[in-house]
Amino acid sequence: MLRWIMHIDLDAFFASIEQRDHPEWQGRPLVVGAAPSQRGVVATCSYEARRYGVRSAMPISQASQRLPDDAVYVRPRMAHYAAVSKQIMAALETISPVVEQASVDEAYLDVSGLERLIGPPGTIGRQAKRLIKHTVGLTASVGIGPNRLIAKLASEYRKPDGLMAVHPNEVQAFLDPMPISALRGIGPRTAPTLRQMGLERMVDIRQADPALLEKRLGLRLARAIISQAYGRGSDQVQPHSVRQSISKATTFEQDIVDPVRLRETLLWAAQEVGRPARREGLQGTTITLKIRLGNFKTLTRQRKLPAPTADDTVFYRQAWALYQESALAGKPVRLLGLGLSGWQHNAPSQGDLFDERPGPPEHVQTPRRVRLFQALDGISNKFGQNAITLGLRRKR
DNA sequence: TCTGGGGTCCTAGGACCC
DNA sequence: TCTGGGGTCCTAGGACCC
Ligand SMILES: [Mg+2]
Ligand SMILES: [Mg+2]
């Protein structure tokens, strides 16, 4: 069944909220991110700031170099943006009950079947934009297409305040001239690999040798981008998804060596992780310590606990133990944080236990040595030891 | 004028199990 | 006559996305 998927992406979300809330900042270059004198980057900036070449993820020092003196710099107010986001999502649910929040400022909607109710895809998109403008006073860019990929690319196509609908028979022509950087999963690291292969645009991916792509990118990524180049993508919109992890980290204004401050920071992070975990009723089994050293080398050390927990004290103790075991004492630390993941282990389903795996084809003879192993595989003593764990197999 | 923070998913190697 | 071949779990690192 052919579906219509709509992707909605708010324009310069954080910066637009700040300008909406502070009319005196409208029309001026505005940066949401670190303070210009401090360590950090641009989270989002207004379109006025983009005219000076400022972009998300740009070091704040570089941004302030480019911008005139009347530019405004503000710290992110994440809780506020999340609240605005919630208002938007709730409003969108009046258009279609099938709304998937894809990030703080993005959503996918399945709008199939709304044509008789509202009109053609473009009309549905205009209605969504009008609704958002009316509810929170912000502009959004909207893309509509036969699947998520096309909807997403369409929403990016005419930013800001954009609207674009791509019909199934237009997909290939829409896609072919796009640069490879539009591919999901191709970023600044992988794009050069493709360019070295002479692949610049989507159409080139379609015509490339799949075997060579697999060799250079790995099986999964190669398959993913080939299917994207043909315009294929999921048309499923899933309203609820379970989060996989909770984490908290901070970059110090100056690198830290003092173990007391490191411990204080881990205690803080443990509390920041524990609070939402308990609020959401989540208990984790895996603690991850994250450290970025003064030279920007980034390490993680993780440990699986015997039982799931949401206890700050356990997080803190485990994280500190991981730090001490990491032999990093005395090295300047730029960033420190910890994460929690691995919610309650899933019990194996009946299918996992009883599904038979296919045996070898009849004409393939199992070697004598393999048959010996297979016979021994089933034999173990009361300690759970068997031929292999007892050392019949040599260690490599 | 350096390089945030919160996430997701993938890869790869070794241990372990059958 | 060099060392089965599946699978999962655990850990570390890394790319990517917003
Ligand atoms: Mg956006
Ligand atoms: Mg976005």
To the side chain of A:Lys248, which of B:dC2, B:dG7, B:dG6 is closest?
-> B:dG6
Non-neighbouring partners of A:Phe252 that pass ring-ring contact (aromatic ring centres under 6.0 Å, His included), sequence neighbours left out = none
Stepwise, does the salt bridge (Lys or Arg N to Asp or Glu O under 4.0 Å) test hold for A:Glu156 with A:Arg184?
-> CA-CA 13 Å; A:Glu156 284 169 1; A:Arg184 310 280 95 195; 3.3 Å; yes
B:dG7 phosphate, OP1 or OP2, under 4.0 Å from A:Arg243 side-chain N/O = yes
Protein-nucleic acid N or O pairs under 3.5 Å, nucleotides 9-12 of chain B:
none

Determine whether the side chains of A:Ser234 and A:Gln236 contain a donor N or O and an acceptor N or O closer than 3.5 Å.
-> no
Decide whether A:Ser341 and A:Gln302 meet the rule of one side-chain donor and one side-chain acceptor closer than 3.5 Å.
-> no
When Watson-Crick pairs (N1 to N3 and N6-O4 or O6-N4) and G-U wobble pairs (N1-O2 and O6-N3) count only below 3.5 Å on both distances, what is the dot-bracket string of DNA chain B, with | for other-strand pairs?
-> ....||||||||||||||
Whole Å only: how far is the CG atom of A:Leu340 from the C1' atom of B:dG6?
-> 14 Å
Inspect the surroundings of CD in A:Glu24 and state if more than 12 heavy atoms from other residues, nucleotides or ligands are less than 6.0 Å away.
-> yes
Give A:Ala34 one of three labels, base, sugar-phosphate or nothing, depending on what nucleic acid heavy atoms sit under 4.0 Å from its own.
-> nothing
Set of residues satisfying ring-ring contact (aromatic ring centres under 6.0 Å, His included) with respect to A:Phe14, sequence neighbours excluded = A:Tyr81
side-chain hydrogen bond (donor to acceptor under 3.5 Å, both in side chains) test vs A:Asp312 passes for just one of A:Gln271, A:Arg278, A:Arg275, namely A:Arg278
Would you mind telling me which residue lines up with the more 5' stretch of DNA chain B, A:Ala43 or A:Ser247, judged by nearest nucleotide?
-> A:Ala43
Greater than 12 external heavy atoms within 6.0 Å of A:Arg216's CZ = no
May I have all residue pairs that pass ring pair (Phe, Tyr, Trp, His ring centres under 6.0 Å) and include part of residues 85-122 of chain A, sequence neighbours excluded?
-> A:His7-A:Tyr108
Between B:dG4 and C:dC16 - C1' atom distance, rounded Å | 15 Å
Under 6.0 Å from the NZ atom of A:Lys152, do we count more than 12 heavy atoms belonging to anything else shown?
-> yes
note: A:Gln101, atom CD; B:dG6, atom P; distance rounded to Å ~ 17 Å
Can you tell me the distance, in whole Å, between the CD atom of A:Gln62 and the C1' atom of B:dT1?
-> 8 Å
Residue-level proximity of residues 250-269 of chain A to DNA chain B when a heavy atom falls under 4.0 Å | A:Thr250, A:Thr251
By a strict heavy-atom criterion of less than 4.0 Å, which residues belonging to residues 45-53 of chain A are in contact with DNA chain C?
-> none
Let me know the distance between OH of A:Tyr81 and C1' of B:dG4, rounded to the nearest Å.
-> 14 Å
Taking side chain to side chain contact (heavy atoms under 4.5 Å, CB included) as the test, write out the residues that go with A:Asp11, two or more places apart.
-> A:Tyr47, A:Thr139, A:Ser141, A:Lys159, A:Pro160, A:Asp161
Side-chain heavy-atom pair A:Leu262, A:Trp320 within 4.5 angstrom cut-off | yes
Sugar-phosphate means primed atoms, P, OP1 and OP2; the rest is base. With that split, encode nucleotides 13-18 of chain C 5' to 3' as B, S or - using protein heavy atoms under 4.0 Å.
-> S-SSSS
From OH of A:Tyr73 across to P of B:dG4 the rounded distance in Å is 17 Å
Contacts of A:His167 that satisfy side chain to side chain contact (heavy atoms under 4.5 Å, CB included) - sequence neighbours left out | A:Trp4, A:Asn169, A:Glu170
Where does C:dT1 fall, syn or anti, if syn means a chi angle no more than 90° from 0?
-> anti
Salt bridge (Lys or Arg N to Asp or Glu O under 4.0 Å) partners for A:Glu280, two or more places apart = A:Arg243
Distance-only, no hydrogens or angles: does the A:Gln228 side chain make a donor-acceptor pair with backbone N or O of A:Gly233 under 3.5 Å?
-> no
Could you tell me whether A:Arg28 atom CZ has more than 12 heavy atoms of other residues or ligands within 6.0 Å of it?
-> yes
Taking atom P of B:dT3 as reference, at what distance in whole Å does atom CD of A:Gln38 sit?
-> 11 Å
Taking OP1 and OP2 of B:dG5, is either one under 4.0 Å from a side-chain nitrogen or oxygen of A:Arg292?
-> no
In whole Å, what is the span from the CD1 atom of A:Ile60 to the P atom of B:dG5?
-> 13 Å
According to a strict under-4.0 Å criterion, is A:Ser245 in side-chain N/O contact with OP1 or OP2 of B:dT8?
-> yes
Pairs involving residues 201-232 of chain A, ordered by first then second residue, that meet ring pair (Phe, Tyr, Trp, His ring centres under 6.0 Å) (sequence neighbours left out) | none
